[in-house]
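Scroll down for the structure; my scribbles are underneath it.
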Amino acid sequence: MGLRGVGYLILLCLIHRGAALGAVSDGHDTLTVAVAANAQYVVQEIAEDWERDVGGHATLVVGSSGKLAAQVREGAPFDVFVAADTEYPAALQREGFAERPHVYAIGSLVVWTWRDSLRPDVALTFLRSGAVKQIAIANPAVAPYGAAAMEALTHAGLWPAVQSKLVLGESVAQVNHYLTTGVVDAVITAQAMVHLPAWRGRGRWMVVDPSWYRPIEQAAVLLRHGRQRNAVAAEAFLAFLGSPTAQQRLTHYGYRLPL
């Protein structure tokens with residue numbers, strides 16, 4: 001049985017357990033979920049599904065995975081961490097701040113422009129053009145999508161040519177803000193962003209060849225605070241990420257599912 005099947009069975013068990021207890025919450029009605037910026041919109045929709053189908057309430061705190069992991073180490077009262085990679089959750093587990101992480105989705109990069117005069121191409125060579133003055137990516141030091149963008153530009157042989165044009169955002173959310181407000185000419189960002197209802201059909205975008213960067217495996221994890229304060233609800237939320245309802249949301253936003 002694959003991860004999807006296991007997750008769904010766990011979900012059913014937790015729903016049954018929740019029904020037996022009368023609710024999924026163990027006395028703390030609000031679950032605090034730290035979520036990577038690339039996944040904030042789809043996780044918001046999944047949280048609303050979870051609230052409707054299972055119960056409880058989830059409040060999201062959005063940021064780059066690196067910044068959120070640092071906040072966990074500093075004592076932020078997060079129950080669940082939905083990250084943009086596996087490295088930050090695994091590091092938190094090694095340091096005793098979290099339990100074993102589970103991959104819930106695999107992300108993809110796109111290159112995206114809102115300039116009518118620009119045409120993205122498969123090889124990303126349009127980024128060399130003099131018409132492209134500034135390009136935004138997330139900061140590779142704290143954002144997995146930024147690290148993947150840097151890998152892709154390096155693989156394409158463009159890193160030296162575009163380095164002087166780069167504008168670094170703290171997260172993909174800031175990168176997208178730079179694009180939509182006209183600060184930059186193009187961005188390399190998460191594919192999920194071009195599927196947002198507010199931005200669907202805007203500009204031109206192209207998927208970056210996934211063989212040009214390491215797979216962006218995104219992991220979720222139960223944090224120590226969640227285990228101590230909100231275990232039932234946190235476990236139910238993590239199980240719900242593996243449900244057919246959640247996975248339909250993820251694929252709609254361009255994520256691939258783990259095997």
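Nothing here was measured: the structure is a model prediction, and the numbers come from that model.
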Would a distance-only check, ignoring hydrogens and angles, find a side-chain to backbone donor-acceptor pair under 3.5 Å from Asn230 to Thr30? yes

Checklist entry - Val80 and Val221: side-chain contact (heavy atoms from CB on, under 4.5 Å), yes or no, with the steps? => result CA-CA 6 Å; Val80 170; Val221 66; over 6 Å; no

> Is the number of heavy atoms from other residues, nucleotides or ligands under 6.0 Å of Arg100 CZ greater than 12?
Replying inline: no

| message | What I'd like to find out is whether the side chain of Phe240 reaches to under 4.5 Å of the side chain of Asp53, using heavy atoms alone. | response | yes

Closest heavy-atom pair, Leu158 versus Ala123, reported as atoms and distance to 0.1 Å, is CD1-O, 3.9 Å

Here the gap from Asp79 atom CG to Leu223 atom CG, rounded to the nearest 0.5 Å, amounts to 7.5 Å

Item to check | same_hphob_cluster(Val82, Leu92) at 4.5 Å side-chain heavy-atom cutoff | outcome: no

Taken in chain and number order and not counting sequence neighbours, the residues that satisfy ring pair (Phe, Tyr, Trp, His ring centres under 6.0 Å) with His252 are none

* Would you say Val183 and Val167 make side-chain contact, with heavy atoms under 4.5 Å? -> no

Report task. Report yes if the side chains of Leu109 and Trp212 come closer than 4.5 Å at any heavy-atom pair, otherwise no. Result -> no

### Polar side-chain atom of Asn139 near backbone of Glu170 as donor-acceptor pair, under 3.5 Å
no

- Query: Would Tyr88 and Met150 show up in the same hydrophobic cluster when neighbours are defined by side-chain heavy atoms closer than 4.5 Å?
  - Reply: no

Check: Is there a side-chain contact between Phe81 and Phe97, using heavy atoms and a 4.5 Å cut-off?
Finding: no

Name each donor-acceptor pair under 3.5 Å that joins a side chain in residues 124-131 to protein atoms two or more places apart or in another chain, with its distance.
{"unit_1": "Thr125", "atom_1": "OG1", "unit_2": "Asp121", "atom_2": "OD1", "d": "3.2"}
{"unit_1": "Thr125", "atom_1": "OG1", "unit_2": "Asp121", "atom_2": "OD2", "d": "3.3"}
{"unit_1": "Ser129", "atom_1": "OG", "unit_2": "Ala131", "atom_2": "N", "d": "2.9"}

* Asked: Judged by atom type as modelled, is there a donor-acceptor pair below 3.5 Å linking the side chain of Glu151 to the main-chain atoms of Arg214?
  -> yes

(Q) Side chains of Asn38 and Ser65, heavy atoms from C-beta outward: is any pair under 4.5 Å? (A) no

Checklist entry - Are Glu48 and Gln44 linked by a side-chain donor-acceptor pair shorter than 3.5 Å? => result yes

One should read off an interatomic distance between Gln191 CD and Tyr255 OH, to the nearest 0.5 angstrom, of 9.0 Å

So CG of Leu118 and CG of Asp185: to nearest 0.5 Å the spacing works out to 6.0 Å

>> Would Trp114 and Arg202 count as a side-chain contact (heavy atoms from CB on, under 4.5 Å) here? Give the steps.
In response: CA-CA 7 Å; Trp114 282 22; Arg202 296 295 303 270; 3.3 Å; yes

- prompt: Got more than 12 heavy atoms from elsewhere within 6.0 Å of CZ, Arg73?
  reply: yes

Exercise. Answer yes or no: does atom CD of Glu87 have more than 12 heavy-atom neighbours from other residues, nucleotides or ligands under 6.0 Å?
Key: no

When rounded to the nearest 0.5 Å, the distance separating CE of Met193 from OG1 of Thr180 is 11.5 Å

**Study point:** Common cluster, Val62/Trp50, ILVMFWY with side-chain heavy-atom separation under 4.5 Å
**Key:** yes

So CZ of Arg115 and CZ of Arg204: to nearest 0.5 Å the spacing works out to 12.5 Å

Here the gap from Leu257 atom CG to Ile106 atom CD1, rounded to the nearest 0.5 Å, amounts to 8.0 Å

(message) Tell me if the CD atom of Glu95 is crowded by more than 12 foreign heavy atoms within 6.0 Å.
(response) yes

Closest non-hydrogen atoms of Leu179 and Thr113, given as atom of the first, atom of the second and distance, are CD1-CA, 4.1 Å

Could you go step by step and tell me if Asn176 and Trp199 meet the side-chain contact (heavy atoms from CB on, under 4.5 Å) rule?
CA-CA 10 Å; Asn176 300 329; Trp199 294 339; 3.8 Å; yes

Are more than 12 heavy atoms from other residues, nucleotides or ligands located less than 6.0 Å from atom NZ of Lys165?
yes

Between Arg249 and Asp49, does the side-chain contact (heavy atoms from CB on, under 4.5 Å) criterion hold? Intermediate values first, please. CA-CA 10 Å; Arg249 295 279 189 195; Asp49 293 334; 2.8 Å; yes

query: Is there side-chain contact between Val175 and Trp112, with at least one heavy-atom pair below 4.5 Å?
result: no

Nearest heavy-atom contact between Leu196 and Tyr253 is CD2-CE2, 3.4 Å

Query - pair Val111-Ile135: side-chain heavy atoms closer than 4.5 Å - result: no

Hey, are the side chains of Phe237 and Val43 touching, using non-hydrogen atoms and a 4.5 Å cut-off? yes

Heavy-atom nearest pair, Phe78 first then His225, reads O-CB, 3.3 Å

Closest heavy-atom pair, Tyr145 versus Ala190, reported as atoms and distance to 0.1 Å, is CE2-CB, 3.5 Å

Taken in chain and number order and not counting sequence neighbours, the residues that satisfy ring pair (Phe, Tyr, Trp, His ring centres under 6.0 Å) with His195 are Trp205

